[in-house]
Amino acid sequence: MLDIALKISVTLFTIAIVLNLYRLAVGPSLPDRILALDTMYVNSIALIVLFGIWLGDRTYFEAALLIAMLGFVSTVAVCKYLLRGDIIE
């Protein structure tokens, strides 16, 4: 049962990443593109965690944590640049 649930969830998260790529490329405005990139980080973290569950390896959870930290910092930096025009004050 877990194997079937993993396959279905990996398929759905892959579809979500493809749709995020579309929004990232076509997005009508810059905030929409930033939001698509942030959502892509979250979806890729979910895919890595699912892959770690499938293989039974804990190393993938640490990789997902690193991607989450980098995603948060980059989203904050891009939003700060968008609002103020400068990242470091």
Side-chain angles (χ1 to χ4, degrees):
M1 183 72 175
L2 182 64
D3 195 38
I4 295 170
L6 282 173
K7 288 179 183 178
I8 291 171
S9 58
V10 165
T11 304
L12 291 176
F13 276 112
T14 305
I15 291 170
I17 286 179
V18 169
L19 292 174
N20 284 330
L21 279 172
Y22 173 74
R23 178 55 61 196
L24 188 65
V26 180
S29 65
L30 189 58
D32 289 331
R33 292 179 179 176
I34 293 172
L35 186 62
L37 187 63
D38 190 43
T39 308
M40 193 179 303
Y41 280 125
V42 173
N43 288 335
S44 66
I45 290 167
L47 274 177
I48 291 172
V49 168
L50 287 172
F51 192 63
I53 291 171
W54 184 48
L55 291 179
D57 192 8
R58 294 183 183 186
T59 309
Y60 293 100
F61 300 115
E62 294 175 9
L65 182 64
L66 288 173
I67 290 175
M69 289 189 298
L70 287 173
F72 173 74
V73 169
S74 66
T75 301
V76 169
V78 169
C79 289
K80 192 172 179 182
Y81 177 75
L82 183 65
L83 289 174
R84 297 184 184 166
D86 198 14
I87 296 174
I88 300 173
E89 296 176 351

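Quick caveat, the model's predicted, so the values are computed rather than measured.
Other residues, nucleotides and ligands contribute only 12 or fewer heavy atoms inside 6.0 Å of the OH atom of Tyr81. Under a cut-off of 6.0 angstrom, the local environment of CD1 in Ile4 is sparse, with at most 12 non-hydrogen atoms contributed by other residues, nucleotides or ligands.
The cluster map of Ile, Leu, Val, Met, Phe, Trp and Tyr, joined by side-chain heavy atoms under 4.5 Å apart, puts Phe61 and Trp54 in the same cluster. When hydrophobic clusters are built by joining Ile, Leu, Val, Met, Phe, Trp and Tyr residues whose side-chain heavy atoms come closer than 4.5 Å, directly or via intermediates, Ile15 is not grouped with Ile45. Following chains of ILVMFWY side-chain contacts shorter than 4.5 Å, one can reach Val73 starting from Val76, so the two form part of one hydrophobic cluster. Val78 is not connected to Val42 by any chain of hydrophobic side-chain contacts under 4.5 Å among Ile, Leu, Val, Met, Phe, Trp and Tyr, and they are in different clusters. Placement of Ile48 and Leu65 in two distinct hydrophobic clusters is found when ILVMFWY residues are connected by side-chain heavy-atom separations under 4.5 Å, directly or transitively.
Between Val10 and Leu47 there is a side-chain heavy-atom pair separated by less than 4.5 Å. Two residues are said to be in side-chain contact when any heavy atoms from C-beta on lie closer than 4.5 Å; Met69 and Ser74 fail this criterion. Proximity of Val49 to Tyr60: side-chain heavy atoms (C-beta onward) are nowhere separated by under 4.5 Å.
Between the side chains of Asn20 and Thr39, no donor-acceptor pair of N or O atoms lies under 3.5 Å.
Here Asp38 contributes atom CG and Met40 contributes atom CE; the two are 10.5 Å apart, rounded to the nearest 0.5 Å. Atom CG of Leu19 sits about 12.5 Å away from atom CG of Leu24, to the nearest 0.5 Å. To the nearest 0.5 Å, atoms SG (Cys79) and CD1 (Ile34) are separated by 5.0 Å. Note: Thr14 OG1 to Asn43 CG = 9.0 Å, rounded to the nearest 0.5 Å. Between the CD atom of Glu62 and the CG atom of Asp57 there is a distance of 9.0 Å, given to the nearest 0.5 Å. Between the CD1 atom in Ile67 and the OH atom in Tyr41 there is a gap of 9.0 Å [rounded to 0.5 Å].
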Would Leu82 and Leu30 count as a side chain to side chain contact (heavy atoms under 4.5 Å, CB included) if you check the C-alpha gap in whole Å, the side-chain angles of each, and the deciding distance to 0.1 Å?
-> CA-CA 9 Å; Leu82 183 65; Leu30 189 58; 3.1 Å; yes
Report the C-alpha distance between Phe51 and Leu6 in whole Å, list the side-chain angles of each, state the deciding distance to 0.1 Å, and finish with yes or no for side chain to side chain contact (heavy atoms under 4.5 Å, CB included).
-> CA-CA 8 Å; Phe51 192 63; Leu6 282 173; over 6 Å; no
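Contacts of Ser9 classified as side chain to side chain donor-acceptor pair (under 3.5 Å), with partners at least two apart in sequence or in another chain: none.
Side-chain atoms of Arg33 come within 3.5 Å of backbone atoms of Gly27 as a donor-acceptor pair (strictly under, hydrogens ignored).
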